[in-house]
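Notes follow the structure.
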Amino acid sequence: MVGLFSRMIVATTIRMPKWFVGWVSRRYVAGPNLESAVKIMKRLQLEGACFTIDVLGEEISSIQEADYFLSEYVEVVKAISEHKIDANLSIKPTAFGLLIDKQKGMQNIEDLVSMANQHNMFVRLDMEDHRVTDDTIQAVIDLHEKGLKNVGTVLQGRLFRTIDDIKQLQKSLGSSADYRICKGIYLEPESISHIGYSQIVEATNACIDSMLDAGAYTSIASHDIAVIEHALQSLKSRGMGPNIEDPRENAGPERLHKGPGYEFQMLLGVSGPIRRKLATQGHRTRVYIPYGEKWYEYSIRRLQENPTIGTQVAKAFIMPWTNRP
Ligand code: FDA
């Protein structure tokens, strides 16, 4: 019943004028520009959070469009350094041209990772749909081989291949592998992906364990209590936790601006109470901060992919003072 109510609200909201969608989504998007992202981060850092910044936009239609993302991320690196904010970057490989001109796309990514490296900053390659899984993983391997270790990717628990990818990546990257593990937002075909909720949770949890066993840095990106609880148990059973030096014999090098072998990550505006609780317990918590001119497209996608947001929309309408990140 609640699901149906939520779906109806979402269906109505996405047909509303842009200003209304903007008002609803101000909880999930920092704003249209870098200044708005800096403002939110300065506020949330008081809650003990650190950040990863996403310039909104993904698959582009001409390689020239990639120039915008490259130059905007260069501004982000400068702003993070200037304001001394504990933050790194999240980028979408297709926004850098990976699906249009692979060589140029890879070069664009390398240019940014190299520039970020000069500022001791980490770059996360977000994982998009299955068309780019191989290339995204390969980009990380190539960059590590070139000595750029300040880069890591995201793996999606829902994909059958992920558990093998972790084993393969361990061979290539050793314990300098640095992952974000999430369920995966793209609804992939049944032939390559788990479909049911409990199978996805189970597979994601198995990936968390495999990453921890491999000695990799493991960022757990989920708002799902079943995944968070599992991760907490897995960390505990390996002697890992807040303010404890990573005890794993095969652990990678200590990482600048990172936690003791792991961290928790959440999206801006989602599950703030759980994030704050984890932070209070001493866990490193990172908030994913999307900003940019493409806020409208991002918001519509978020609303469509997660109909449970409908309840939050209703709450924001009835109690507008609660509608803040
Ligand atoms: P689940 O969907 O079960 O959500 C648990 C609860 O959290 C829900 O009941 C809901 O209330 C709330 N919730 C979850 N998502 C919400 C949202 N968007 N808005 C409002 N409420 C929400 N995926 C991918 O394919 N590639 C990637 O690179 C990334 N990167 C990434 C970074 C970070 C920091 C996070 C947190 C997530 C991603 N994801 C991603 C998305 C991820 O794969 C997944 O789709 C979502 O996190 C939802 O799954 P949960 O595990 O949160 O559980």
Side-chain angles (χ1 to χ4, degrees), residues 2-3 6-7 9-10 13 24-29 44 49-54 56 58-59 87-95 123-133 136-137 139-140 152-159 161-162 165 178-188 192-194 196-205 207-208 218-231 263-275 278 284-290 298-316 323 325:
V2 174
S6 266
R7 265 175 241 277
I9 292 181
V10 166
T13 307
V24 168
S25 61
R26 70 192 192 117
R27 180 189 180 112
Y28 306 106
V29 180
L44 292 184
C50 60
F51 310 95
T52 187
I53 305 182
D54 167 46
L56 288 173
E58 35 210 278
E59 197 168 337
N88 61 38
L89 312 178
S90 282
I91 70 169
K92 299 265 183 312
T94 61
V123 181
R124 176 77 59 198
L125 304 192
D126 281 353
M127 186 55 84
E128 300 168 86
D129 66 66
H130 68 272
R131 290 172 303 163
V132 286
T133 314
T136 305
I137 290 175
V140 172
T153 192
V154 179
L155 294 178
Q156 298 153 323
R158 71 164 66 228
L159 293 187
R161 59 175 287 169
T162 298
D165 284 338
D178 186 323
Y179 302 110
R180 173 192 300 152
I181 174 71
C182 62
K183 289 180 185 169
I185 215 161
Y186 304 90
L187 299 177
E188 301 286 12
I192 60 166
S193 164
H194 297 284
Y197 168 79
S198 49
Q199 287 88 343
I200 294 174
V201 169
E202 216 174 284
T204 304
N205 288 345
C207 292
I208 293 174
T218 307
S219 304
I220 301 121
S222 176
H223 317 95
D224 190 339
I225 299 292
V227 175
I228 295 170
E229 287 291 338
H230 175 87
E263 64 185 44
F264 288 93
Q265 299 190 348
M266 295 191 186
L267 301 172
L268 178 66
V270 184
S271 302
I274 302 175
R275 173 175 53 77
L278 288 167
R284 193 160 177 84
T285 57
R286 192 176 298 278
V287 184
Y288 188 98
I289 307 278
Y298 175 83
S299 307
I300 295 287
R301 192 160 66 93
R302 281 270 106 90
L303 286 164
Q304 285 169 330
E305 86 209 5
N306 196 329
T308 59
I309 296 176
T311 349
Q312 313 220 14
V313 176
K315 193 173 159 208
N323 191 30

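As a basis for the values below, the full set of heavy atoms in this structure was taken, side chains included, without hydrogen atoms, waters or symmetry mates. All of these numbers come straight from a predicted model, not from anything done at the bench. Remember, it's 1-based here, ligands and their atoms both numbered in the order they're listed. Residue indices begin at 1 and follow the sequence shown.
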Would you kindly specify which portion of [X] sits under 4.0 Å from ligand 1, judged on non-hydrogen atoms: side chain, backbone, both or neither?
X	value
K183	both
R286	neither
R180	side chain

Practice problem: Report yes or no: does E128 contribute a side-chain atom to a donor-acceptor pair with the main-chain N or O of T94 at less than 3.5 Å? | Solution: yes
With heavy-atom distances below 4.5 Å as the criterion, would you say the side chains of [X] and [Y] are in contact?
X	Y	result
R180	R124	yes
P93	V132	no
L159	D165	no

Quiz item: Do you know which two heavy atoms are closest between I181 and Q156, and how far apart they sit?
Solution: CD1-C, 4.4 Å
Quiz item: What pair of heavy atoms forms the shortest contact from T204 to G157, and how long is it?
Solution: OG1-CA, 3.6 Å
Kindly confirm or rule out an N or O of [X] lying under 3.5 angstrom from an N or O of ligand 1.
X	answer
Y197	no
H223	yes
S222	yes

On a heavy-atom basis, I'd like to know which of [options] is closest to [atom].
atom	options	value
atom 25 (O) of ligand 1	I228, I185, D224, T204	I185
atom 33 (C) of ligand 1	L268, T136, L267	L267
atom 21 (N) of ligand 1	V154, I274, V270	V270
atom 39 (N) of ligand 1	S271, C182, G184	C182

Self-check item: More than 12 heavy atoms of other groups within 6.0 Å of E188 CD
Solution: yes
Quiz item: Yes or no on side chain to side chain donor-acceptor pair (under 3.5 Å) for D126 and Y288, after CA distance, side-chain angles and deciding distance?
Solution: CA-CA 11 Å; D126 281 353; Y288 188 98; 2.5 Å; yes
Looking at [X], which atoms of ligand 1 are within less than 4.0 Å of one of its heavy atoms?
X	answer
D126	28 (O)
Y186	25 (O)
Q156	24 (C), 25 (O), 26 (N)

Practice problem: With rounding to the nearest 0.5 Å, note down the distance linking NE2 in H223 to CG in L267. | Solution: 4.0 Å
